[in-house]
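One structure is given here, and the rest of the page talks about it.
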Protein chains: 2
Amino acid sequence: MPRKSTAVDPLRLDNQICFAVYSAAHAFNRVYKPLLDRLGLTYPQYLVMLVLWERDDVPLRDIGERLFLDSGTLTPLLKRLEAAHLVRRTRSSEDERQVLIALTPQGHALKDKARSVPQSILAASDCSVPELVAMKDEIVALRDRLNTAIGE
Amino acid sequence: MPRKSTAVDPLRLDNQICFAVYSAAHAFNRVYKPLLDRLGLTYPQYLVMLVLWERDDVPLRDIGERLFLDSGTLTPLLKRLEAAHLVRRTRSSEDERQVLIALTPQGHALKDKARSVPQSILAASDCSVPELVAMKDEIVALRDRLNTAIGE
DNA sequence: GACAATTAGATTGTGCGCAATTGAAATCCG
DNA sequence: CGGATTTCAATTGCGCACAATCTAATTGTC
């Protein structure tokens with residue numbers, strides 16, 4: 001039989017690394033959902049808060065570069081965080097084009113409630129920390145090569 | 001200095017495997033975009049077509065199980081594919097609740113135009129096939145463990 | 001100083017993704 | 001058989017994502 005083996009069919013769903021990544025991202029989202037509901041955050045909002053907990057009073061632009069998101073995504077998201085009293089949005093006096101994002105006291109305080117989240121994720125992944133770190137580094141390297149390809 | 005090293009801070013963005021996966025998924029999407037524009041498909045629509053190219057005339061539900069998507073996502077997506085004359089949606093005569101999805105001749109024919117896509121992705125990933133297969137298997141294993149955790 | 005080019009953010013429109021609800025059809029079970 | 005339960009799609013509502021477009025502010029150049 002002259003048929004190509006399904007094991008190497010490049011159009012077969014189960015052979016697609018992109019689908020592995022896509023479906024893993026959704027699986028993460030579903031694991032995070034109940035944990036983040038308790039914090040009143042969605043997953044993308046949680047990522048923004050992670051950035052701000054490292055350093056706040058930063059331009060929207062910096063958050064976007066860090067998370068690979070543009071203003072069309074971040075503007076409404078940050079307005080929702082502002083409505084939840086977790087951040088404040090102010091125009092920079094040095095450069096009136098920039099919107100600086102700062103944490104409110106509630107925004108800072110939420111970090112304490114978030115500390116238990118990574119441990120729950122680790123448990124759900126049923127994986128050792130070194131294994132996860134190794135995978136993370138591989139995936140980041142792949143992502144960076146893809147982003148390089150886009151820029152060309 | 002009693003400060004915890006950032007290298008092991010569990011709330012640091014760069015230590016999050018979930019963000020690696022999340023941002024890699026977006027990077028894949030951006031690489032696929034120009035390739036799929038030529039086929040008139042979005043990335044999730046491409047995934048549905050991959051499923052149907054393996055076997056069509058299947059219930060909506062089966063597609064959802066394969067892609068981990070529910071009817072709220074698939075119903076409008078499939079209606080757009082129907083509007084593009086790539087699929088037909090018909091009620092099963094055996095079970096009137098089920099909607100069977102079948103490819104049109106144009107839907108079948110699109111597979112030929114899609115054959116060049118995986119190769120372009122491989123080039124953009126700048127990675128060997130065995131490396132990608134190994135990563136894919138690891139990510140799928142992680143995804144399956146996460147999905148197991150959700151079900152508990 | 002004037003004007004072109006660039007940069008930052010906001011807005012609009014399309015398409016996911018998922019929770020919650022609805023309604024119809026099939027199945028279970030006494 | 002007949003009502004209760006379960007199953008499957010569809011619908012609705014909210015929140016991303018991103019392309020394209022717009023406005024305003026800044027920078028570069030002469």
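The chains referred to below are lettered A, B, ... by the order of the sequence lines, with proteins before strands, and numbering in each begins at 1.
Between A:Leu67 and B:Leu13, the closest side-chain pair of non-hydrogen atoms falls below 4.5 Å. Between A:Ile121 and B:Ile17 there is no side-chain heavy-atom pair separated by less than 4.5 Å.
Once rounded to the nearest 0.5 Å, the distance linking CZ of B:Arg89 with CG of B:Leu81 reads 10.0 Å.
Side-chain contact annotation: A:Arg88 with A:Thr104, donor-acceptor N/O pair under 3.5 Å absent.
Of the candidate nucleotides C:dA10, D:dT26, D:dA10, D:dT26 has the atom lying nearest to any side-chain atom of A:Asp95. For B:Gln98, taking side-chain heavy atoms from C-beta onward, the closest of the listed nucleotides C:dA25, C:dA10, D:dA9 is D:dA9.
The side chain of B:Arg80 places no N or O atom within less than 4.0 Å of a non-bridging phosphate oxygen (OP1 or OP2) of C:dT14. In this model, the phosphate group of D:dT11 is approached by a side-chain N or O of B:Lys79 to a distance below 4.0 Å at OP1 or OP2. Dashed line: the shortest gap from a side-chain N or O of B:Arg89 to OP1 or OP2 of D:dC8 is not under 4.0 Å. When the side-chain nitrogen and oxygen atoms of A:Gln45 are compared with OP1 and OP2 of D:dC16, one or more of them lie within a distance under 4.0 Å.
The interatomic distance linking B:Leu36 (CG) with D:dA19 (P) rounds to 13 Å, in whole Å. The interatomic distance linking A:Leu78 (CG) with C:dT11 (P) rounds to 13 Å, in whole Å. Regarding B:Asp37, its CG atom lies at a distance of 16 Å from the P atom of C:dT14, rounded to whole Å. As a whole-Å value, the separation of B:Leu74 CG from D:dT11 P is 14 Å. Summarising the geometry, the separation between CD on B:Glu96 and C1' on D:dC8 is reported as 12 Å, rounded to the nearest angstrom. With rounding to whole Å, B:Glu82 atom CD is found 15 Å from C:dG15 atom P.
Under a 4.0 Å N-O distance rule, the pair B:Glu96/B:Arg91 does not qualify as a salt bridge. In this structure, B:Arg66 pairs ionically with B:Glu54, as a charged nitrogen and a carboxylate oxygen lie closer than 4.0 Å.
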Extract from the structure each pairing of a protein N or O with an N or O of nucleotides 17-20 of chain C at less than 3.5 Å, listing the distance.
{"from": "C:dG17", "atom 1": "OP2", "to": "A:Tyr22", "atom 2": "OH", "distance (Å)": "2.2"}
{"from": "C:dC18", "atom 1": "OP1", "to": "A:Arg30", "atom 2": "NH1", "distance (Å)": "2.6"}
{"from": "C:dC18", "atom 1": "N4", "to": "B:Gly72", "atom 2": "O", "distance (Å)": "3.4"}

Distances under 3.5 Å between nitrogen or oxygen atoms of protein and nucleotides 3-7 of chain C:
{"from": "C:dT7", "atom 1": "O2", "to": "A:Arg97", "atom 2": "NH1", "distance (Å)": "2.9"}

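A distance of 6.0 Å or more separates the ring centres of A:Phe28 and B:Tyr22.
No engagement by B:Pro76 is indicated, since no non-hydrogen atom pair under 4.0 Å with the nucleic acid exists.
Across the interface with DNA chain D, nearest-nucleotide mapping of A:Glu94 and B:Arg91 shows B:Arg91 to be the residue nearer the 5′ end.
Using cut-offs of 30° and 60° on the angle between ring planes, the pair B:Tyr46 and B:Trp53 is perpendicular.
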Test side-chain hydrogen bond (donor to acceptor under 3.5 Å, both in side chains) on B:Ser128 and B:Glu131 and set out the steps. CA-CA 5 Å; B:Ser128 75; B:Glu131 281 175 314; 3.1 Å; yes
